[in-house]
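So you know, we letter chains A, B, ... as the sequences are listed, proteins then strands, and number each from 1. Computed from a prediction, not measured in an experiment: that's the story for all the values here.
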Amino acid sequence: MQIYLYNSLTKTIEPFKPLEGNTVRMYSCGPTVYNFAHIGNMRAFLFADLLQRVLRTIGAYNVKWVMNITNIDDKTIRDSAPGSTAWLPEMGSQTDNLMDNLLKFTQYFEKSFLEDISKLGIRLEHFFSMPKATEFIPQMQELIRRIIKNGIAYISEGSVYFNVSEWRKKDTYGKLYKIDFENFRAGARIDADQYEREDANDFALWKYKKPDEPFWEFEVDGIICDGRPGWHIECSTMEKELLGLPFDIHTGGVDLKFPHHEDEIAQSKAGYGVEPNAFWCHNEFLEVEGQKMSKSLGNYFTLRDLLEKGIDPLDIRIAMLSAHYGSTYNFTFDGINSARKARFRIQDYIYDLHQTTNGSFINTDVLNEMKSEVFTSLATDLHTPKALASVFTFINDNPANTLNEEARKSALEFFTKLNNIFDVWKIEPRPVEVVNIPIEITDLAEQRLKAKMSKNFAEADELRQKIIDAGYYIQDSENGYRLGKKW
RNA sequence: GGUGCCUUGGCCGAGUGGUUAGGCAGAGGUCUGCAAAACCUCCUACGUUGGUUCGAUUCCGACAGGCACCUCCA
């Protein structure tokens, strides 16, 4: 099926086609591993995951998905430095070797990142590569040399800067983000104390080492430039090394449009001579309870915070998939609960589809129409809310027990395929409930049954309340009851 | 100051120049000793204000409110 995607470069929805063959080469801006990822980060990664799954499942493409790990930047350096309060015992002991500290520190958060996204249903086997910035330093230096050679970068006090005004003579700077150079940064603070740039628009390709910072040796035209790469150059280099240029799709949060992605385009073209990629896809931000997530408002949550509250990560996944990636998503606890219930309704339907019934529903047209609607919605700029609406409309109108054998089989095939994208359901018969109920709870239930049988309803209700208060539920059945754990 | 986006029923969240999005919550009903679960039914909105139009929530303008980026934050 033809896939359509909104391209930030053209600001329109365009039909998507891989540049070469049947393989989509896709690069996603990954995390800077200096702390636990928060739910805003998670939305970006879930969006990228959704996209690559739709490309595989609906577009029938092979996907080479690369997500970088930024393990060298101001924050990782700061927080891995000796004496840092951000250093955790689990990272091991700090040494005099600054590079060693940096790697230990970032490896810890990289590992936690992989654990977190796995819990959210992002499958590590879907990645072609997850490169770390520190593994590509020579290639970054090579790219910087090229840009200097092409006259678009200059060295200042051992740092290398991209010369924006020089570049503007050759090409547009402001492809993703329209810039008014007259008023540019008029109201923005400019970090004057840090590095010596010729122009505020210029950005660092390479930063000269500061005392007590890990660094890599770098010499350009006899000038010692020992230091570390700038942020943007990391992506430009790794994309080229792992995917080749140009590649198909680049994803990231809207905040990265400028300057990160804009600078990436400029660098890649200035150094390699080509624009890095065809499609730029950006996810919108997330708010929490209608407000921007921030530590000061107390609505800043890492995934781990939410798991501690007992939230199932798959409910976070479905909640975020129930809004379009291009609109601001309001994360609320009510919303998570609502999404969970919706998820279970579909799950129950799938369970029911496995049961043998003698339903008479044979109108495959209705089923096929729903399938077509769902996949068309997903293929049209990943419209998950529309797709889910179609599913609900179908299951509302066609209870599982009304479907005949053939229709149930067909519906199960559909849900299997859908779950290749959503990945929040189990395509299997309803499991036999094997919840461990503590003896004191079953005792209460037995007492209640006795009370009920002897029509002592007041006592029965009292006992039921005790069971509920203990975190279980009890449902009466024909000649007994069902006990279970509340979720 | 510059650039761009948004404002839909109790909540979340689609969409459209004139006919029901969907989910959650809520109400009523069937069932039940009462519940729960399940099922059935109901709940019809589009920030304000001008304009275009036979007709606007949908197009255009203004206003109000909110948000984002310009600060190596997804």
Side-chain angles (χ1 to χ4, degrees), chain A residues 11 28-32 37-48 70 73-75 174 176-191 194 200-201 203-204 207 229-234 251-260 262-263 282-287 289-294 318-319 322-343 345-346 348 352 373 377 383-396 399 401 452 455-458 460-461 464-465 468 473-478 481-482 484:
Chain A
K11 301 192 199 316
S28 299
C29 276
T32 300
H38 58 68
I39 53 174
N41 300 122
M42 291 301 162
R43 187 179 195 203
F45 306 133
L46 283 171
F47 156 60
T70 298
D73 81 320
D74 287 341
K75 294 191 210 74
L176 282 171
Y177 180 85
K178 200 171 140 198
I179 296 162
D180 173 355
F181 281 87
E182 301 307 311
N183 290 300
F184 188 55
R185 301 200 181 189
R189 285 202 309 270
I190 293 171
D191 213 347
Q194 278 197 326
N201 294 329
F203 56 91
K207 296 180 174 183
W231 181 34
H232 320 307
I233 203 81
E234 299 178 7
T251 76
V254 278
D255 56 323
L256 297 185
K257 273 189 193 174
F258 192 88
H260 185 53
E262 192 63 51
D263 289 351
H282 294 96
N283 64 280
E284 250 303 335
F285 259 51
L286 166 145
E287 292 179 352
E289 305 286 354
Q291 289 183 296
K292 185 183 176 177
M293 183 166 69
S294 75
I318 189 69
S322 68
H324 186 83
Y325 75 88
S327 44
T328 314
Y329 173 68
N330 189 6
F331 179 94
T332 64
F333 288 97
D334 275 355
I336 290 293
N337 208 30
S338 166
R340 179 183 177 83
K341 291 192 175 170
R343 177 165 78 92
R345 270 194 61 200
I346 292 176
D348 280 335
D352 291 344
E373 273 176 24
S377 296
H383 210 311
T384 46
K386 247 181 158 177
L388 286 171
S390 298
V391 172
F392 278 109
T393 302
F394 177 80
I395 69 175
N396 287 338
N401 61 11
K452 210 183 97 174
K455 304 225 185 280
N456 193 346
F457 296 122
D461 290 349
R464 175 169 58 204
Q465 194 53 48
I468 292 168
Y473 68 82
I474 183 163
Q475 295 173 3
D476 291 339
S477 56
E478 220 164 311
Y481 55 83
R482 274 184 68 212

Can you sort out the partners of [X] under ring-ring contact (aromatic ring centres under 6.0 Å, His included), two or more places apart, ordered by chain and number?
| X | answer |
| --- | --- |
| A/Y325 | A/F47 |
| A/F457 | none |
| A/H282 | A/H261 |
| A/H324 | A/H383 |

Between [X] (side chain) and [Y] (backbone), is there a donor-acceptor pair under 3.5 Å?
| X | Y | result |
| --- | --- | --- |
| A/N396 | A/F392 | yes |
| A/E287 | A/F331 | no |
| A/D348 | A/R345 | no |

Item to complete: Would you please name every residue forming a salt bridge (Lys or Arg N to Asp or Glu O under 4.0 Å) with A/D461, sequence neighbours left out?
Response: A/R464
I'd like the [atom1] distance from [M] over to [N], given in whole Å.
| N | M | atom1 | value |
| --- | --- | --- | --- |
| B/rA25 | B/rC40 | P | 15 Å |
| B/rA38 | B/rA45 | P | 29 Å |
| B/rC6 | B/rC12 | C1' | 16 Å |
| B/rU44 | B/rU19 | C1' | 13 Å |
| B/rC24 | B/rG13 | P | 16 Å |
| B/rA36 | B/rG28 | P | 11 Å |
| B/rC54 | B/rC46 | P | 24 Å |
| B/rC42 | B/rU48 | C1' | 32 Å |

Fill in: Pairing annotation in dot-bracket form, given for RNA chain B with Watson-Crick or G-U pairs under 3.5 Å and | for cross-strand partners
(((((((..(((.....[...))).(((((.......)))))....(((((..]....))))))))))))....
Atom pairs under 3.5 Å, N or O on each side, protein against nucleotides 66-69 of chain B: can you list them with distances?
from, atom 1, to, atom 2, distance (Å)
B/rC69, O2, A/Y177, OH, 2.8

Can you tell me the distance, in whole Å, between the [atom1] atom of [X] and the [atom2] atom of [N]?
| X | N | atom1 | atom2 | result |
| --- | --- | --- | --- | --- |
| A/E373 | B/rA14 | CD | C1' | 13 Å |
| A/L256 | B/rA74 | CG | P | 7 Å |
| A/N337 | B/rC24 | CG | P | 11 Å |
| A/N330 | B/rG23 | CG | C1' | 15 Å |
| A/I318 | B/rC24 | CD1 | P | 12 Å |
| A/D334 | B/rG23 | CG | P | 17 Å |
| A/F392 | B/rG22 | CZ | C1' | 8 Å |
| A/L388 | B/rG15 | CG | P | 13 Å |

Contact class for [X] vs. all strands (heavy atom < 4.0 Å): base, sugar-phosphate, or nothing?
| X | value |
| --- | --- |
| A/S327 | sugar-phosphate |
| A/H38 | base |
| A/Y329 | sugar-phosphate |

Discussion item. Using a strict threshold of under 4.0 Å (side-chain N to carboxylate O), is an ion pair present between A/R482 and A/D476?
Written reply: no
Quick one: list whatever passes side chain to side chain donor-acceptor pair (under 3.5 Å) with [X], sequence neighbours left out.
| X | result |
| --- | --- |
| A/S28 | A/W65, A/T251 |
| A/D73 | A/T76 |
| A/R43 | none |

Item to complete: Map A/I39 and A/Y325 onto RNA chain B by nearest heavy atom, then report which one ends up closer to the 5' terminus.
Response: A/Y325
Worksheet item: Given that A/K257 and A/G40 both sit by RNA chain B, which one's nearest nucleotide is further toward the 5' end?
Response: A/K257
Options [options], nucleotide nearest the side-chain atoms of [X]:
| X | options | answer |
| --- | --- | --- |
| A/A44 | B/rG22, B/rA14, B/rA74 | B/rA74 |
| A/A389 | B/rG23, B/rG22, B/rA14 | B/rG22 |
| A/H324 | B/rG22, B/rA14, B/rG23 | B/rA14 |

Discussion item. Listing request: all side chain to side chain donor-acceptor pair (under 3.5 Å) pairs with a residue in residues 386-395 of chain A, at least two apart in sequence or in separate chains.
Written reply: A/E373-A/S390
Worksheet item: Should the pair A/W231 and A/H260 be assigned to parallel (<30°), tilted (30 to 60°) or perpendicular (>60°) ring geometry?
Response: parallel
What protein N or O atoms touch nucleotides 31-41 of chain B N or O atoms at under 3.5 angstrom, if any, and at what distances?
from, atom 1, to, atom 2, distance (Å)
B/rG33, O6, A/R448, NH2, 3.3
B/rG33, N1, A/D461, OD1, 3.0
B/rG33, N2, A/D461, OD2, 2.8
B/rC34, O2, A/R464, NH2, 2.5
B/rC34, N3, A/R464, NH1, 2.9
B/rC34, N3, A/R464, NH2, 3.4
B/rC34, N4, A/D476, OD2, 2.7
B/rA35, N1, A/D476, N, 3.1
B/rA35, N3, A/R464, NH1, 3.1

Item to complete: Would you tell me if any nitrogen or oxygen in the side chain of A/H383 comes within less than 4.0 Å of OP1 or OP2 on B/rG15?
Response: yes
